[in-house]
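Structure first, then comments.
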Amino acid sequence: MLHDPNRIYVFDTTLRDGEQVPGSQLTTPEKLIIAEALEALGVDVIEAGFPISSPGDFNSVVEISKLVKTPTVCALTRAVKGDIDSAVAALKHAKHPRIHTGIGASDTHIKYKFNSTREAIIERAVEAVKYAKSFVEDIEFYAEDAGRADNEYLARMIEAVIAAGATVVNIPDTNGYCLPEQYGAKIRFLKENVKNIDKAIISVHCHNDLGLATANSIAGLQNGARQAECTINGIGERAGNTSLEEVVMILKTHPSIGLHTHINTKQLYPLSTMVSRMMRMPVQPNKAIVGKNAFAHSSGIHQDGVLKHRENYEIMNPEDVGIDQSEIILTARSGRHALKHHLERLGYTIDRIDLDQVYQRFLELADAKKELKDDDLLQLMGDETEQSFKNGLAINSLQVTTGDQQVPNAVVKLSYNGVEHEATATGNGPVSAAIKAIESIIGETIEIKEFNIHSIHGGSDDVSKVDMRVIHEDKSYMGYGFSTDIVRASANAYLDALNKFI
Ligand SMILES: CC(=O)SCCNC(=O)CCNC(=O)[C@H](O)C(C)(C)COP(=O)(O)OP(=O)(O)OC[C@H]1O[C@@H](n2cnc3c(N)ncnc32)[C@H](O)[C@@H]1OP(=O)(O)O
Ligand SMILES: CC(C)C(=O)C(=O)O
């Protein structure tokens with residue numbers, strides 16, 4: 001039945017089990033967008049809904065069936081004829097329809113949910129599979145709460161439903177109870193004790209109540225299961241389901257397991273973001289693979305290690321999951337290598353910078369601010385009271401006079417290579433006067449290509465940020481300046497650019 005015995009079929013249930021999360025219900029158009037993205041991701045099966053549950057869910061299964069071309073479209077039912085009839089109707093347009101029917105298999109469910117007996121439940125299971133099979137060829141059977149079910153009984157049930165026509169047998173750890181070793185052993189037991197097991201694919205469907213959903217799913221796959229049921233971001237009933245991105249990336253990162261999927265992993269992050277937004281379920285920052293911090297390094301030793309050789313602290317390539325690159329987050333735990341990396345990225349030549357001096361000021365700011373962004377660094381470098389550059393240009397004083405009926409005039413005192421120089425110049429405005437005075441000290445005219453003044457928070461008493469692009473020997477250099485005085489901010493930005501090449 002399986003062409004490639006090492007291929008894992010990925011069954012996505014984001015739109016069914018994932019959508020059981022309170023507050024995360026989706027409209028049909030939203031489900032269609034996600035279904036299309038799941039198809040592009042390369043999932044093998046999309047569980048589109050539980051058609052008997054509501055007219056809206058029925059309609060979603062109909063529309064997804066019409067839309068999706070390659071993956072199997074699956075609809076969930078209880079072991080109840082009415083549910084199966086509804087699923088058959090909803091799947092009418094599916095190119096590859098599957099009915100997913102089943103019933104509880106643990107003694108707890110048999111006794112307290114159904115007030116029934118083991119034998120009677122097997123009969124209901126078989127009857128449901130046969131009924132579904134009379135409409136659709138591809139039938140998946142779920143033995144609910146199989147994680148807590150007696151293995152001998154489970155094996156009898158599975159053998160009976162395969163004989164009745166089930167093509168896939170799902171062994172859910174519905175309550176997230178099992179340990180990986182137990183769950184793996186359960187799958188192995190079924191592989192070894194169900195006589196007709198080679199006529200069906202074993203599927204794993206694990207919940208995360210103890211945080212073991214992914215570990216259990218992998219244990220199941222390593223012991224013979226060939227379909228993994230999961231959701232994007234691991235969303236689902238209670239603590240959620242196995243997360244699709246985790247299973248897929250575990251198999252890709254550990255080729256020694258010898259199993260693979262047909263998932264286009266570069267779509268994982270974009271899809272995670274889409275599902276999180278549409279389902280109003282934020283992804284926790286430390287979530288494996290797709291969390292905001294999954295490829296972000298914030299402590300100095302790690303940052304140094306990653307900058308020297310990414311694989312020192314990364315076992316996956318962020319690009320493989322659709323994230324552009326790892327991030328080096330600047331915090332008070334960062335070291336000089338990380339600071340240097342960002343300064344270089346912002347156009348500073350490290351040889352020209354007094355890195356130790358800048359680092360001490362950086363630490364003080366990082367202690368106060370927690371995380372430093374580009375603007376914080378630029379402000380740090382452009383701080384008019386500090387000398388960030390070795391032998392650089394620094395303004396010692398700047399006097400400007402301007403007003404109606406008066407030619408703007410600037411007097412600049414500049415320290416250059418440790419020597420103070422003074423110059424006076426006029427211009428058509430106070431900024432041009434200040435720039436001309438600086439030019440007369442350095443003895444060169446440097447072309448300014450771009451010049452922008454922004455206020456940081458708004459308000460007339462705000463700090464202004466100036467960014468300026470200058471050209472020197474056909475190369476562009478950016479300079480940034482900050483001050484409550486826009487002339488001083490402009491002069492600072494000009495010197496910041498000049499310090500990168502003078
Ligand atoms: C483990 C899982 O995630 S299973 C999927 C869970 N998803 C959902 O439940 C969402 C969709 N569900 C629904 O819309 C509704 O619960 C419906 C339409 C299925 C049923 O609604 P109601 O008829 O009002 O029944 P209600 O939900 O209150 O109770 C469930 C009934 O189904 C029975 N039942 C539960 N599972 C199964 C099963 N697999 N096979 C047969 N009967 C079942 C219960 O024993 C109970 O029957 P009872 O009335 O004889 O005691
Ligand atoms: C319906 C089944 C597969 C299920 O969701 C579970 O048992 O958790």
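Atoms within each ligand, like the ligands themselves, are counted from 1 in listed order. We're numbering straight along the sequence, starting at 1.
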Lys95 (side chain) donor-acceptor with Lys66 (main chain) under 3.5 angstrom: yes
Is His205 in polar range of ligand 2, meaning some N or O pair under 3.5 Å apart? yes
What part of His207, side chain, backbone, both or neither, has a heavy atom within less than 4.0 angstrom of ligand 1? neither
Quick check: Glu144 and ligand 2, any N/O pair under 3.5 Å apart? no
Hey, does Gly102 come in under 3.5 Å of ligand 1, counting only N/O atoms on both sides? yes
Out of Glu19, Arg16, Glu237, Arg238, the nearest non-hydrogen contact to atom 3 (O) of ligand 1 is supplied by Arg16
Given the side-chain rings of His342 and Phe362, with only the six-membered ring counted for Trp, is the space between their centroids under 6.0 Å? no
Report yes if Glu144 has an N/O atom closer than 3.5 Å to an N/O atom of ligand 1; otherwise report no. no
Residue, atom and distance of the protein heavy atom nearest atom 25 (O) of ligand 1 read Arg78 NH1, 4.2 Å
Is there a heavy atom in Lys113 that sits closer than 4.0 Å to ligand 1? yes
Less than 4.0 Å between atom 48 (P) of ligand 1 and some protein heavy atom, yes or no? no
Is the closest heavy atom of Thr101 to ligand 1 under 4.0 Å? no
Look only at interatomic distance and state if Phe114 has a nitrogen or oxygen under 3.5 Å from any nitrogen or oxygen of ligand 1. no
At less than 4.0 angstrom from any non-hydrogen atom of Asn170, what atoms of ligand 2 do you find? 3 (C)
So for Tyr112 against ligand 1, with non-hydrogen atoms under 4.0 Å, the contacting part is neither
Tell me the contacting part of Glu229 for ligand 2: side chain, backbone, both, or neither, using a 4.0 Å heavy-atom threshold, strictly below. neither
Please tell me if atom 5 (C) of ligand 1 is touched by the protein, where touching means a protein heavy-atom distance below 4.0 Å. yes
Is the closest heavy atom of Arg16 to ligand 2 under 4.0 Å? yes
Should the pair Phe114 and His109 be assigned to parallel (<30°), tilted (30 to 60°) or perpendicular (>60°) ring geometry? perpendicular
